[in-house]
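This report refers to the structure that appears directly beneath it.
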Protein chains: 2
Amino acid sequence: MDKQSRHAAIKHIISHRLVGTQEDLRKALKSAGFGITQATLSRDLKDLGVARVNSPEGPKYVIHVESEERRLQSFIGLEIEQVDANESLVVVKTLPGRAQGVAEIIDSLHHPAILGTIAGDNTILVTPTSTKRNKEVMKLLQGLMMKKQVA
Amino acid sequence: MDKQSRHAAIKHIISHRLVGTQEDLRKALKSAGFGITQATLSRDLKDLGVARVNSPEGPKYVIHVESEERRLQSFIGLEIEQVDANESLVVVKTLPGRAQGVAEIIDSLHHPAILGTIAGDNTILVTPTSTKRNKEVMKLLQGLMMKKQVA
DNA sequence: CGCGGACATGTATAATTATACAAAAAAATG
DNA sequence: CATTTTTTTGTATAATTATACATGTCCGCG
């Protein structure tokens, strides 16, 4: 069997359809004329550096691009480490040195429940317009932090 | 236990070191003060959309960014503050210090109506391929600005 | 206050993936 | 060409991950 052709087929299949398990992929390969066992497929995926991702639509295999990792620090959801609140303020902990930048983004939301922010190095104090809206602000900011993917 | 803190710790750990199995990650979390079982960790990784990659150095967990272009647009909208134009240029105002980054994103669109960009601190000059396409470029960039998708 | 619902977690185990070992196939060598 | 070495593959199973089920916690409501 031609290993290169098989590798090309693997890349084609996972680029064009949602494939979540090796068994699914093995069957798709078989349909494409490449009959192999799970063991061989596992080795192929390793050779190809394929990634298995937990996506909103379930697990899926994707071609992994290294450079994607390097951009992760640009995104607010990954820069916010923790969101807490007391009765009158919401406190956001960020990666070191990112408080200012994250605070600016929070300000730019111009959210009606947010009065203002004060940022240090890795801590931001977010003031709600009313203590009654504290929870609302907190949920908003937690939503930012939890944003993992564009669904 | 505080799930948010734990998620932040997970993201921090896998961003800063090579972690290849859930058991390794579980131990790292335990060292960081988060004692959980493999089951809970599996759920966390699913929640976070983490990917497991076969890399040259062995398997590793990485923060997965689904699509670079789509993800960039999720946030660019928060960073563009204003879009204006005269007869020959479109001017984009950004958050302070973000002009370079936003300009890169605009460049990455490879839009046929955009010739190039020049970025300062919070201002980008966008040159259309023709003055006749000024309005088109302006609408495009205003469209980007309007994509404020949070939570 | 008690209750119900939502959420989170652990236990046990099913599902999925990786790999040791052996054999076969392909490539290299004299 | 025959032989040796390297690569590839399958089988069986170990390793790893995902999930069904049960339990505990927290919160809001009457």
Side-chain angles (χ1 to χ4, degrees), chain A residues 1-11 13-14 17-30 32-64 82-87 131-136 138-139 142-143 145-146 148, chain B residues 1-11 13-14 17-30 32-64 151:
Chain A
M1 180 178 295
D2 183 6
K3 187 170 169 182
Q4 283 196 3
S5 300
R6 197 172 71 232
H7 279 192
I10 289 169
K11 287 191 282 189
I13 292 167
I14 65 177
R17 49 191 284 199
L18 197 155
V19 179
T21 65
Q22 288 182 0
E23 184 57 21
D24 287 343
L25 183 49
R26 195 189 65 78
K27 285 174 182 170
L29 279 167
K30 190 176 172 73
F34 299 92
I36 56 169
T37 62
Q38 178 272 323
T40 300
L41 180 51
S42 180
R43 293 185 191 108
D44 281 351
L45 295 175
K46 180 175 180 177
D47 291 344
L48 289 168
V50 165
R52 188 164 185 254
V53 184
N54 285 300
S55 74
E57 312 90 51
K60 68 179 177 181
Y61 284 100
V62 300
I63 306 293
H64 181 67
Q82 188 170 341
V83 181
D84 291 305
N86 63 15
E87 299 83 11
T131 54
K132 287 179 189 148
R133 306 188 78 169
N134 228 29
K135 181 165 284 187
E136 179 184 350
M138 185 167 164
K139 283 186 191 289
Q142 282 176 333
M145 179 173 75
M146 292 297 183
K148 354 181 217 311
Chain B
M1 180 179 294
D2 184 5
K3 187 171 170 183
Q4 291 179 40
S5 300
R6 197 173 70 230
H7 280 194
I10 289 168
K11 287 189 280 188
I13 291 167
I14 65 179
R17 51 191 281 196
L18 198 157
V19 179
T21 64
Q22 289 181 0
E23 184 57 19
D24 287 342
L25 183 49
R26 194 190 65 78
K27 284 176 182 169
L29 279 166
K30 189 175 173 71
F34 300 92
I36 55 169
T37 61
Q38 178 271 321
T40 300
L41 179 53
S42 181
R43 293 183 189 109
D44 281 351
L45 295 176
K46 181 174 177 177
D47 290 343
L48 290 169
V50 165
R52 189 167 186 250
V53 185
N54 285 301
S55 75
E57 314 87 53
K60 69 176 177 182
Y61 285 99
V62 300
I63 306 290
H64 180 68

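To find a chain, count down the sequence lines: A is the first, B the second, and so on, and within it residues start at 1. We use all heavy atoms of the structure for the numbers below, so side chains are in, but hydrogens, waters and symmetry mates are not.
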Inset, instruction - Could you walk me through whether Lys3(A) and Arg6(A) pass the side chain to side chain contact (heavy atoms under 4.5 Å, CB included) test, one step at a time? - result: CA-CA 5 Å; Lys3(A) 187 170 169 182; Arg6(A) 197 172 71 232; 3.9 Å; yes
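- Nearest heavy atoms, Val53(A) versus Gly49(B): CG1-O, 4.0 Å.
- Summarising the geometry, atom NZ belonging to Lys27(B) is positioned 13.5 Å from atom CD belonging to Gln22(B); distances are rounded to the nearest 0.5 Å.
- Between the Arg26(B) side chain and the Thr37(B) main chain, no donor and acceptor come within less than 3.5 Å of each other.
- Checking the phosphate oxygens (OP1, OP2) of dT16(C), no side-chain nitrogen or oxygen of Tyr61(A) falls inside 4.0 Å.
- In this structure, Arg26(B) places its CZ atom 14 Å from C1' of dT9(C), rounding to the nearest Å.
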Inset, instruction - Might you work through the side chain to side chain contact (heavy atoms under 4.5 Å, CB included) test for Glu23(B) and Leu41(B), ending with a clear yes or no? - result: CA-CA 9 Å; Glu23(B) 184 57 19; Leu41(B) 179 53; over 6 Å; no
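- Closest approach of Asp24(A) and Val19(A) over heavy atoms only: CB-CG1, 3.9 Å.
- Spacing between atom CZ of Arg52(A) and atom P of dT16(D) amounts to 15 Å, rounded to whole angstrom units.
- Between Lys60(B) atom NZ and dT17(D) atom C1' the separation is 20 Å, expressed in whole Å.
- Remark: C1' of dT6(D) and NZ of Lys3(A) are 12 Å apart, rounded to the nearest angstrom.
- Side chain of Ile36(A), nearest nucleotide from dG10(D), dA18(C), dA8(C): dG10(D).
- Residue Val50(B) comes nearest to Tyr61(B) through the heavy atom pair CG1-CD2, 3.7 Å, listed as atom of the first residue, atom of the second, then distance.
- Phosphate proximity of dA18(D) to Gln22(B): present, with a side-chain N or O under 4.0 Å from OP1 or OP2.
- If you check residues 37-45 of chain A against DNA chain D, the residues with a heavy atom closer than 4.0 Å are Thr37(A), Ala39(A), Thr40(A), Arg43(A), listed by number.
- The separation between Ile10(B) atom CD1 and dT17(D) atom P is 13 Å, rounded to whole Å.
- The phosphate of dT17(D) has neither OP1 nor OP2 within less than 4.0 Å of any side-chain N or O from Asn54(A).
- Straight-line distance from the NZ atom of Lys30(A) to the C1' atom of dT9(D): 15 Å, rounded to whole Å.
- OP1 or OP2 of dT19(C) lies within a sub-4.0 Å distance of a side-chain N or O belonging to Lys46(A).
- When every heavy atom of Ala9(B) is checked against every heavy atom of Phe34(B), the shortest pair comes out as CB-CE1, 3.5 Å.
- Separating the CG atom of Leu48(A) from the P atom of dA18(C) is a distance of 12 Å, rounded to the nearest angstrom.
- OP1 or OP2 of dT9(D) has at least one side-chain nitrogen or oxygen of Arg6(A) nearer than 4.0 Å.
- Each end of the helix from dC1(C)-dG30(D) to dG30(C)-dC1(D) gets its own axis from five base pairs, and the two axes differ in direction by 30°, given to 10 degrees.
- Minimum interatomic distance between Asn54(B) and Leu45(A) (heavy atoms only, all atoms of both residues): ND2-O, 3.7 Å.
- If you take CG of Leu25(A) and P of dA18(C), they are 12 Å apart, rounded to a whole angstrom.
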